[in-house]
Every structure is written in C-alpha cells, then in structure tokens.
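Data first, discussion second: the structure below is written as structure tokens.
Keep in mind that the numbers below use all heavy atoms, side chains included, and drop hydrogens, waters and symmetry copies.
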Amino acid sequence: MNHPEPATKSRTAPDTTPIGLMAPSTIQAQNQNLLRLQIAATQLLKDPLRVWQLTERVYQLIQQDLQYQRERLGQYGSRR
C-alpha cells in the first residue's frame, strides 16, 4: 500500500527575535567587545615577545598603584 509522505517543514531559528526577548544594546555591545578581546588575546598569546611586554606593563601598573596606595595611607595617617 502506498502511503503519502508526511509533510515536514524544516524548522530553523528565525532571523529575528520576538519583541521583548532581545538583549539590551548594552549587553550586545559587551558581547561584541568580549569577542574582540578574545580575538586580540588569542593573537597576542601567539607572540612570546608581546606576552612579555604585556606582563612587564601590567607589573609596572601594579607597582604604580601600590605606590599611590602607600602615599594615600601616609597622608591619611599624618592627619590624625
């Protein structure tokens, strides 16, 4: 007996999101920024010299921040 094939539709996700279910633009921008950051970090990790330069810069910034904190603590302690 010959049965007709059931009609099937390919169900794919729509290209648009229903109103109210879309992430706010700030979240979308953050996601785009995170993607850019991930791409940049991946490229940076491939270059040992750039990794070293980055770690040196981070170390300098941490030292600078610690110095600022010491100065603030010294000023705060002298006010007593």
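- To the nearest 0.5 Å, atoms CG (Leu54) and CZ (Arg57) are separated by 10.0 Å.
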side-chain hydrogen bond (donor to acceptor under 3.5 Å, both in side chains) assessment of Gln67 paired with Glu71 | CA-CA 6 Å; Gln67 181 63 35; Glu71 290 173 5; 3.3 Å; yes
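- Leu49 and Leu45 are assigned to two separate hydrophobic clusters, defined by single-linkage of ILVMFWY side chains at heavy-atom distances under 4.5 Å.
- The structure places CD of Gln53 at 9.0 Å from CG of Leu44, a figure rounded to the nearest 0.5 Å.
- Residues passing the side chain to side chain contact (heavy atoms under 4.5 Å, CB included) test with Leu35, sequence neighbours excluded: Gln38, Ile39.
- Criterion: ILVMFWY side-chain heavy atoms under 4.5 Å apart, direct or through other members. Under it, Ile62 and Val51 are part of a common hydrophobic cluster.
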